[in-house]
Amino acid sequence: MAKQYWLMKSEPDAFGIDDLQRVKREPWTGVRNFQARNFMRDGMKVGDDVLFYHSNATPPGVAGLARIVTAGVVDETQFDPNSQYYDPKAKRAAPTWICVEVEFVKKFTQVLSLDELRADPRLEDILVTKRGSRLSVQPVSAPHYKVIVELAAASRATPPTPAKKAKR
DNA sequence: GCCAACGTTGGC
DNA sequence: GCCAACGTTGGC
């Protein structure tokens with residue numbers, strides 16, 4: 001199947017694009033919504049591209065890009081009684097929660113805000129801009145993905161606001 | 001902190 | 001299987 005595109009939400013206070021850049025790759029644990037799980041378990045393939053979205057942030061928006069590096073990863077937090085994501089009903093033999101591992105691709109110089117996404121008529125239909133869209137893992141069409149990457153590149157060119165220099 | 005949206009749970 | 005209560009998400 002052709003490469004697919006996704007949007008994955010994370011709260012930067014918990015795990016943001018900077019964290020992904022630091023650790024390079026990370027299993028996307030803690031999702032406890034069946035629809036979101038199904039996208040990860042059944043839809044995501046190695047090599048698929050991901051928009052890394054900051055939720056509960058100022059501003060909320062797409063903070064960078066990631067890529068699926070491992071599919072069908074068992075979310076270990078479901079078996080960990082000390083985890084906030086512990087699921088007492090989960091069975092080793094048939095784990096309930098399957099996720100993916102994502103790797104860092106790039107951090108946008110500036111978060112492409114939800115406002116900016118909404119302002120572009122080409123993104124009218126994208127799920128994340130819809131009111132009450134709480135799904136933390138959602139599919140993105142190839143054209144929408146392309147528009148978002150373009151917008152991010154454009155917004156990078158305009159404002160000279162280097163918040164932080166990348167460490168080398 | 002508020003609250004709308006919406007998924008999940010549990011009584012029936 | 002319905003649906004009210006409840007909990008969570010996430011923008012504002």
Side-chain angles (χ1 to χ4, degrees), chain A residues 4-21 23 26-44 48-66 68 72-102 104-105 107-141 144-145 147-152 154-156 159 161 163:
Chain A
Q4 295 183 93
Y5 302 89
W6 308 93
L7 179 143
M8 299 174 91
K9 297 181 186 172
S10 186
E11 303 194 9
D13 287 348
F15 189 85
I17 191 77
D18 290 332
D19 297 299
L20 185 61
Q21 183 167 27
V23 301
E26 179 77 4
W28 205 264
T29 58
V31 169
R32 292 295 178 268
N33 170 288
F34 289 103
Q35 213 181 337
R37 180 209 61 184
N38 293 346
F39 283 132
M40 290 199 288
R41 189 190 60 182
D42 309 329
M44 288 184 172
D48 283 358
D49 285 324
V50 174
L51 300 168
F52 194 111
Y53 182 91
H54 280 178
S55 61
N56 266 322
T58 315
V62 180
L65 304 177
I68 310 299
V73 174
V74 173
D75 179 342
E76 288 299 327
T77 63
Q78 69 192 302
F79 302 119
D80 177 3
N82 298 317
S83 168
Q84 61 170 315
Y85 301 116
Y86 178 59
D87 181 351
K89 287 183 287 188
K91 301 282 191 305
R92 264 286 163 200
T96 309
W97 303 107
I98 300 293
C99 64
V100 294
E101 190 179 29
V102 303
F104 176 81
V105 172
K107 178 188 175 181
F108 293 160
T109 338
Q110 214 187 358
V111 170
L112 184 62
S113 72
L114 184 56
D115 281 347
E116 290 171 285
L117 298 180
R118 287 192 173 126
D120 194 305
R122 291 171 296 176
L123 298 177
E124 199 177 359
D125 293 329
I126 198 172
L127 211 54
V128 74
T129 60
K130 296 269 199 286
R131 187 143 182 271
S133 162
R134 308 185 325 181
L135 198 55
S136 67
V137 174
Q138 38 185 272
V140 174
S141 74
H144 283 160
Y145 180 88
V147 167
I148 288 170
V149 169
E150 273 173 26
L151 287 177
S155 76
R156 178 194 306 128
T161 347

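A, B, ... follow the sequence lines: proteins, then strands. Residue 1 opens every chain. FYI, side chains are in, hydrogens and waters are out, and symmetry mates aren't considered; it's all heavy atoms of this structure.
The six-membered or imidazole ring of A:W6 lies away from that of A:F52, with a centre-to-centre distance of 6.0 Å or more.
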Side chain to side chain contact (heavy atoms under 4.5 Å, CB included) assessment of A:L123 paired with A:L151: CA-CA 11 Å; A:L123 298 177; A:L151 287 177; 3.9 Å; yes
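To the nearest 0.5 angstrom, A:Y86 atom OH is 15.0 Å from A:Q84 atom CD.
Under the ring pair (Phe, Tyr, Trp, His ring centres under 6.0 Å) rule, A:W97 has a single partner from A:W28, A:F34, A:F79, A:Y85, which is A:F34.
If you check residues 28-39 of chain A against DNA chain C, you find no residue with a heavy atom closer than 4.0 Å.
The closest side-chain donor-acceptor pair between A:R32 and A:T77 falls under 3.5 angstrom.
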Nucleotides 6-12 of chain C: protein proximity per nucleotide (B base, S sugar-phosphate only, - neither; heavy atom, under 4.0 Å): -BBBBBS
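The shortest distance between side-chain heavy atoms of A:L135 and A:N33 falls below 4.5 Å. For the pair A:C99/A:V31, no side-chain contact is recorded, criterion being any heavy-atom separation below 4.5 Å from C-beta on.
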